[in-house]
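Starting from 1, each residue takes its place in the sequence as its number. Side chains are part of it too, since the values below use all heavy atoms of this structure and drop only hydrogens, waters and symmetry mates.
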Amino acid sequence: VQLQASGGGLVQAGGSLRLSCAASGLTFSSYYMGWFRQAPGKERESVVVINRSGGTTYFSDSMKGRFTISRDNAKNTVYLQMNSLKPEDTAVYYCAAGRILSGRSDRYDYWGQGTQVTVSS
């Protein structure tokens with residue numbers, strides 16, 4: 001199983017980025033897909049999870065209305081559209097695949113390698 005995250009980069013505050021995570025080696029449509037992030041010196045936190053049919057669950061109010069997750073089961077890919085980015089969104093962003101809906105990172109079976117997002121003020 002491989003999850004390949006991409007799309008990170010350096011952006012100014014107020015800007016946008018779109019992350020992608022391409023999955024292979026698993027039955028993608030059977031998995032919940034989540035985005036997590038980890039800032040320096042902080043624990044990994046859940047951003048948002050999407051279920052198999054497209055329903056979403058946010059685990060942080062600070063990202064509601066700014067971040068949107070979506071998935072394309074035909075392309076085995078999950079996306080994270082991030083708008084109105086803030087310096088505090090700076091982190092390594094990880095995609096993950098799991099069998100249950102959870103905001104806990106230890107509930108996920110497979111992880112991407114992470115992609116760095118840096119938001120300058």
Side-chain angles (χ1 to χ4, degrees):
V1 174
Q2 282 194 328
L3 301 181
Q4 183 71 39
S6 62
L10 174 64
V11 64
Q12 289 188 332
S16 298
L17 282 174
R18 188 192 196 205
L19 307 183
S20 300
C21 175
S24 61
L26 76 170
T27 305
F28 180 79
S29 59
S30 298
Y31 283 81
Y32 292 85
M33 297 300 297
W35 285 98
F36 290 74
R37 70 183 186 183
Q38 188 165 17
K42 295 188 177 181
E43 292 186 356
R44 190 169 298 188
E45 64 172 341
S46 174
V47 175
V48 61
V49 177
I50 188 166
N51 66 24
R52 290 160 285 193
S53 58
T56 61
T57 301
Y58 289 83
F59 292 91
S60 172
D61 288 341
S62 68
M63 289 168 258
K64 283 183 181 178
R66 298 191 300 123
F67 291 8
T68 303
I69 190 172
S70 61
R71 68 189 296 163
D72 186 336
N73 287 338
K75 295 183 178 180
N76 288 0
T77 302
V78 62
Y79 305 97
L80 184 66
Q81 178 67 44
M82 304 186 294
N83 299 327
S84 302
L85 283 161
K86 305 175 182 180
E88 52 264 42
D89 294 319
T90 295
V92 178
Y93 283 71
Y94 298 90
C95 57
R99 291 284 195 177
I100 63 172
L101 174 65
S102 178
R104 292 176 48 172
S105 59
D106 62 354
R107 300 297 189 186
Y108 288 79
D109 302 312
Y110 305 108
W111 289 85
Q113 84 286 5
T115 185
Q116 176 71 47
V117 171
T118 303
V119 185
S120 63
S121 58

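By the criterion of side-chain heavy atoms lying less than 4.5 angstrom apart, applied directly or through intervening Ile, Leu, Val, Met, Phe, Trp or Tyr residues, Val49 is grouped together with Val92 in one hydrophobic cluster. There is a path of hydrophobic side-chain contacts, each under 4.5 Å, that joins Val1 to Tyr31. Using a 4.5 Å cut-off between side-chain heavy atoms of Ile, Leu, Val, Met, Phe, Trp and Tyr, with links allowed through other members, Tyr32 and Met63 fall into different hydrophobic clusters. There is a path of hydrophobic side-chain contacts, each under 4.5 Å, that joins Tyr58 to Met33. Residues Tyr79 and Val117 do not share a hydrophobic cluster, defined by chaining ILVMFWY side chains whose heavy atoms lie under 4.5 Å apart.
Phe28 approaches Asp72 most closely through the heavy-atom pair CE2-O, 3.9 Å. Contact between Arg71 and Ile50 at its shortest, heavy atoms only, is NH1-O, 3.6 Å. Heavy-atom minimum distance, Gly103 versus Phe36: O-CE2, 3.6 Å. Nearest heavy-atom pair across Ser84 and Arg66 is O-NH1, 3.0 Å. Heavy-atom minimum distance, Gly8 versus Thr115: N-OG1, 3.1 Å. Shown here for Phe67 and Val47, the closest heavy-atom pair between the two residues is CD2-CG1, 3.6 Å.
The main-chain N or O of Arg104 is found under 3.5 Å from a side-chain atom of Ser102 such that the two form a donor-acceptor pair. Between the side chain of Thr90 and the backbone N or O of Val119, at least one donor-acceptor pair lies under 3.5 Å. At least one donor-acceptor pair under 3.5 Å links the side chain of Gln113 to the backbone N or O of Ala5.
At least one side-chain heavy atom of Thr57 sits under 4.5 Å from a side-chain heavy atom of Leu101.
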Practice item. Evaluate side chain to side chain contact (heavy atoms under 4.5 Å, CB included) for Ser30 paired with Arg99, printing each intermediate quantity in order. Key: CA-CA 8 Å; Ser30 298; Arg99 291 284 195 177; 3.9 Å; yes
Q) Going through the distances and angles, do Trp35 and Ser46 end up as a side chain to side chain contact (heavy atoms under 4.5 Å, CB included)? A) CA-CA 6 Å; Trp35 285 98; Ser46 174; over 6 Å; no
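Summarising the geometry, atom CG belonging to Leu80 is positioned 5.5 Å from atom CE belonging to Met82; distances are rounded to the nearest 0.5 Å. Here the straight-line distance linking atom CG of Asp109 with atom CZ of Arg107 works out to 11.0 Å at 0.5 Å rounding. In this structure, Tyr93 OH and Gln38 CD are separated by 12.0 Å, a value rounded to the nearest 0.5 Å. Note that the CD1 atom of Ile100 and the CG atom of Asn51 stand 13.5 Å from one another [nearest 0.5 Å]. Going from atom OH of Tyr94 over to atom SG of Cys21 covers 13.0 Å, rounded to the nearest 0.5 Å. From Leu3, atom CG reaches atom OG of Ser24 across 7.5 Å, with rounding to the nearest 0.5 Å.
Sparse packing is recorded around CD of Gln2, with 12 or fewer heavy atoms of other residues, nucleotides or ligands lying under 6.0 Å away.
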Under 3.5 Å, sequence neighbours excluded: what are the donor-acceptor pairs made by side chains of residues 12-20?
residue : atom : partner : partner atom : Å
Ser16   : OG   : Asn83   : OD1          : 2.9

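Here salt bridge (charged side-chain N to carboxylate O under 4.0 Å, His left out) pairs that include residues 29-42, with residues two or more places apart or in two chains, are Arg37-Glu45, Arg37-Asp89.
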